[in-house]
Novice: 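Shown below is the structure under consideration.
Naming: A, B, ... by sequence-line order, numbering from 1 per chain. No experiment lies behind these values; they were computed from the predicted model shown.
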There are 4 protein chains.
Amino acid sequence: MKKNKPKYMQIIDAAVIAIAENGYHQAQVSKIAKQAGVADGTIYLYFKNKEDILISLFEEKMGNFVEKIEEMIAGKHSAAEKLLIMIKAHFQMLSDDHHLAIVTQLELRQSNKELRLKINDVLKGYLKLIERIVLEGKETGEFSIDLDVRLARQMIFGTIDETVTSWVMNEEKFDLYALAPSVHHLLINGFGSREC
Amino acid sequence: MKKNKPKYMQIIDAAVIAIAENGYHQAQVSKIAKQAGVADGTIYLYFKNKEDILISLFEEKMGNFVEKIEEMIAGKHSAAEKLLIMIKAHFQMLSDDHHLAIVTQLELRQSNKELRLKINDVLKGYLKLIERIVLEGKETGEFSIDLDVRLARQMIFGTIDETVTSWVMNEEKFDLYALAPSVHHLLINGFGSREC
Amino acid sequence: MKKNKPKYMQIIDAAVIAIAENGYHQAQVSKIAKQAGVADGTIYLYFKNKEDILISLFEEKMGNFVEKIEEMIAGKHSAAEKLLIMIKAHFQMLSDDHHLAIVTQLELRQSNKELRLKINDVLKGYLKLIERIVLEGKETGEFSIDLDVRLARQMIFGTIDETVTSWVMNEEKFDLYALAPSVHHLLINGFGSREC
Amino acid sequence: MKKNKPKYMQIIDAAVIAIAENGYHQAQVSKIAKQAGVADGTIYLYFKNKEDILISLFEEKMGNFVEKIEEMIAGKHSAAEKLLIMIKAHFQMLSDDHHLAIVTQLELRQSNKELRLKINDVLKGYLKLIERIVLEGKETGEFSIDLDVRLARQMIFGTIDETVTSWVMNEEKFDLYALAPSVHHLLINGFGSREC
DNA sequence: GATGAATGAGAATTCATTCAT
DNA sequence: TATGAATGAATTCTCATTCAT
């Protein structure tokens, strides 16, 4: 399997750096190859074409992210707790990898529609996970029985994504990870000041 | 002022259609010119370059959107009501203009980073408006005194934006406008089922 | 019609020279453009792609060749005379244009199969003309009633083509045009020395 | 001598099949190696470079063809008879090997000029043989004393070659071998219907 | 002898922008 | 103002050949 070959990950990691530092359209194959320390042609021994590098990049980085979250929330009993763990993991992952954050939040979004559709396929796994947590929250009574699952998913993902993008665009000046509890609290309780 | 010349808006409207129908990267200047019924060179009498068309497009369409909202919420007294009006207006505007929805939610996002930064400048007016409403809610006691304004703004915009994008990507199969009250309710009250 | 535009023929003529002097594979679009005195991009205002230049080249040069021959033989009464006129015209045309001879006999043959098939479409008109002359010869009794038309056409075209190619490969050392009567005589009478 | 090593012919035969099935430009060294059941690098133990495979291919297939013909016509006394034997042998050889016919008539012709010149060197033995037969015919009085030997050779080779190419391009729908006597008759007697 | 992973040179084409009319 | 023909820079991918094992 090609993923065992050391150069496969070597090229993907080089692509993340090259795109983060040069921008999506200025990250030519030759730049990625140079960053990876291989010849241009070598890229094509491991990837069908340039687009394939980007899709693989996303799969490798996001693919095991969903798996990791699932492991982390496996034993937890409340949906709220699971949600918090997920938000923390999401923020942690991107806080930890400066280059990856730039690539996923800014650069990869300017790829063409076709590529974005394929990226969306990868994202679907994550969105499904969010929906499962919401559904569970409704079943246990933690969340309102009237909660629209799709809407909730959109609010969760939209808020997380907008927060990360905002953090990246502000040059990561604030502590993203530290925001997790507040974001979580807002999602669960809203803006209202009602004291019960 | 160039905006008074009839061809200025003619070209912007042509750009919206050309981009929506062909995609961002396939909307060449010559296609926009053809759609507008002018020669390629004429474009450059009204716009500095291609990027300038897109920024102007965003300014024209979003610019008066902020003004319109401000008028609509002028007399209202609660922040919650203002928020609902804004969400409704946002959903209404994009429901009403199929082409514009595709352009702002999908196509313009694949522009380069530089252009997106300029678009963000335009967006700032909208984000400021959101922040003003949140702040007012805190001051009147409607919203929690501990509410982080920036976070609230990110949640509001992220949720609205993700909802619209999801609607566009699902080929606008559901009624976007009808979702406004639910979105509003979630933002204010969260997912929690607490009955007081 | 694009053929009236001066640059159309200018580019075709430049292609003949560039290919003759550099060889088919070394005649890059940029070389053709330079030879024609236009920018690379200008080529694509007149031709769909590189292949289209070559097909057009062949059409322009061979297309009117068939028409010209038809005019020249219009009034003649014997098939043998028509054949002689045709052979002379064929030899004349290539004797007159050194570059064109190299291109049609040597360089264009190393194009890919697809292009060669299209060239063959153009050639078909010529082959049909040959067959018409043969058929006429049979009808008038000049040629044997048993003569296989296709075979005769292959012999005529094969002999002419091989003679020209041999002439080009020998760096055009001998007088091609002067060979026409001998070739004609051989085709009509064969090698035999039968005296009747 | 390398020709005694089994892999030498194995690679040449693989090249014939690979070229016939994929076309000249799509018959990469790696495809030939795969067809031959050896590694890419192994090719270079037996051949200097890719061109060398093709020249060797032509030498092996055409080289012994000339020798074979010489044996077959050794005892014959008339030039006409020798010519007939030669035409039959030529048609037979290509009728028998479908792949070889495609390679020699269509694919190898799109090689570059340099390679074609080398192939012509190999062909020269065959052309010399044709000239010897023609010369002999003139000496014995079978053929006209005025017959131009080179021209006759061009007519013979041109006709045979065009006939075979036509047969290959028509997907070998007719019986090539059966045409030999007619072709032979036309070469000797021409199209004329003169009855003596 | 045999392997096959790695190399790296080389070329067609697009499209935003200009400027003579 | 308006035109649209002309410009020319810029980049992915292929494949013959090598050489360490």
Novice: Checking the side chain of Gln10(B) only, and the main-chain atoms of Ala36(B) only, is there a donor and an acceptor separated by less than 3.5 Å?
Specialist: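 A pair under 3.5 Å: yes.
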
Novice: Got a sec? Which of residues 21-33 of chain D come in under 4.0 Å of DNA chain F, heavy atoms?
Specialist: Gln26(D), Gln28(D), Val29(D)

Novice: Counting only side-chain heavy atoms from C-beta out, which of dA12(E), dT17(E), dA6(E) sits nearest to Lys50(C)?
Specialist: dA12(E)

Novice: How close or far is atom P of dC15(F) from atom CD1 of Ile43(A), stated in whole angstroms?
Specialist: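 It works out to 18 Å between those atoms.
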
Novice: Can you find a side chain N or O atom of Tyr46(C) that sits less than 4.0 Å from OP1 or OP2 on dA5(F)?
Specialist: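 For dA5(F), neither OP1 nor OP2 has a side-chain N or O of Tyr46(C) closer than 4.0 Å.
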
Novice: If you take all heavy atoms of Asp52(D) and Phe47(D), which pair is closest and at what distance?
Specialist: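 The answer is OD2-CA, 3.5 Å.
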
Novice: For dT12(F), give the paired nucleotide (Watson-Crick: N1-N3 plus N6-O4 or O6-N4; G-U: N1-O2 and O6-N3; both under 3.5 Å), or none.
Specialist: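 The answer is dA11(E), by the H-bond criterion.
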
Novice: Between Ile55(A) and Phe58(A), does the side chain to side chain contact (heavy atoms under 4.5 Å, CB included) criterion hold? Intermediate values first, please.
Specialist: CA-CA 5 Å; Ile55(A) 296 169; Phe58(A) 208 80; 5.8 Å; no

Novice: Before accepting this row, confirm whether a basic side-chain N of the pair Glu21(B)/Lys31(B) lies closer than 4.0 Å to the acidic partner's carboxylate O.
Specialist: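 Judged by the 4.0 Å cut-off on N to carboxylate O distance, Glu21(B) and Lys31(B) do not form a salt bridge.
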
Novice: Return the nucleotide paired to dA6(F): Watson-Crick means purine N1 to pyrimidine N3 with N6-O4 or O6-N4, wobble means G-U with N1-O2 and O6-N3, both under 3.5 Å.
Specialist: dT17(E)

Novice: Write down the protein N/O and nucleotide N/O pairs, taken from nucleotides 18-21 of chain E, whose separation is under 3.5 Å; answer none if there are no such pairs.
Specialist:
none

Novice: I want to verify a distance call: between dT13(E), dT7(E), dA2(E), whose nearest atom is closest to the Ala39(A) side chain?
Specialist: dT7(E)

Novice: Using a cut-off of strictly less than 4.0 Å, decide whether Lys7(D) has a side-chain nitrogen or oxygen near OP1 or OP2 of dG1(E).
Specialist: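 It does not, given that no N or O in the side chain of Lys7(D) lies less than 4.0 Å from OP1 or OP2 of dG1(E).
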
Novice: Given 3.5 Å as the limit, does a donor-acceptor pair link the side chain of Lys7(A) with the main chain of Tyr46(A), or not?
Specialist: no

Novice: Using the rule given for side chain to side chain contact (heavy atoms under 4.5 Å, CB included), can you reason through Ile43(B) versus Lys50(B), listing the C-alpha separation, both sets of side-chain angles and the distance that settles it, and then say yes or no?
Specialist: CA-CA 9 Å; Ile43(B) 299 268; Lys50(B) 188 180 178 181; over 6 Å; no

Novice: What is the separation between atom CG on Leu54(B) and atom P on dA16(E), rounded to the nearest whole Å?
Specialist: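 Computing the Leu54(B):CG to dA16(E):P distance gives 10 Å.
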
Novice: Take the protein atom CG of Leu115(B) and the nucleotide atom P of dA16(E), then report the distance between them rounded to whole Å.
Specialist: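 Between P of dA16(E) and CG of Leu115(B): 13 Å.
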
Novice: With heavy atoms under 4.0 Å as the rule, sort Lys34(A) into base, sugar-phosphate or nothing.
Specialist: nothing

Novice: Name the closest nucleotide to the Leu45(C) side chain, picking from dA6(F), dT17(F), dT3(E).
Specialist: dA6(F)

Novice: Going by distance alone, is a donor N or O of one side chain under 3.5 Å from an acceptor N or O of the other, for Gln105(B) and Asp161(B)?
Specialist: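 A pair is found: one side chain offers a donor N or O, the other an acceptor, under 3.5 Å apart.
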
Novice: Is a side-chain N or O of Arg116(D) found less than 3.5 angstrom from the main chain of Leu106(C), in a donor-acceptor match?
Specialist: yes

Novice: Tell me: CD1 of Ile11(B) to C1' of dT3(F), nearest whole Å?
Specialist: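 These atoms are roughly 13 Å apart.
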
Novice: What integer distance in Å separates Phe47(C):CZ from dA12(E):C1'?
Specialist: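 Computing the Phe47(C):CZ to dA12(E):C1' distance gives 16 Å.
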
Novice: Could you say whether Val38(C) or Thr42(A) is positioned toward the 5' end of DNA chain F, judged by the nucleotide with the nearest heavy atom to each?
Specialist: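 Per heavy-atom nearest nucleotide, the more 5' residue is Val38(C).
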
Novice: Short question: side chain of Glu107(B), backbone of Tyr24(B) - any donor-acceptor pair under 3.5 Å?
Specialist: yes

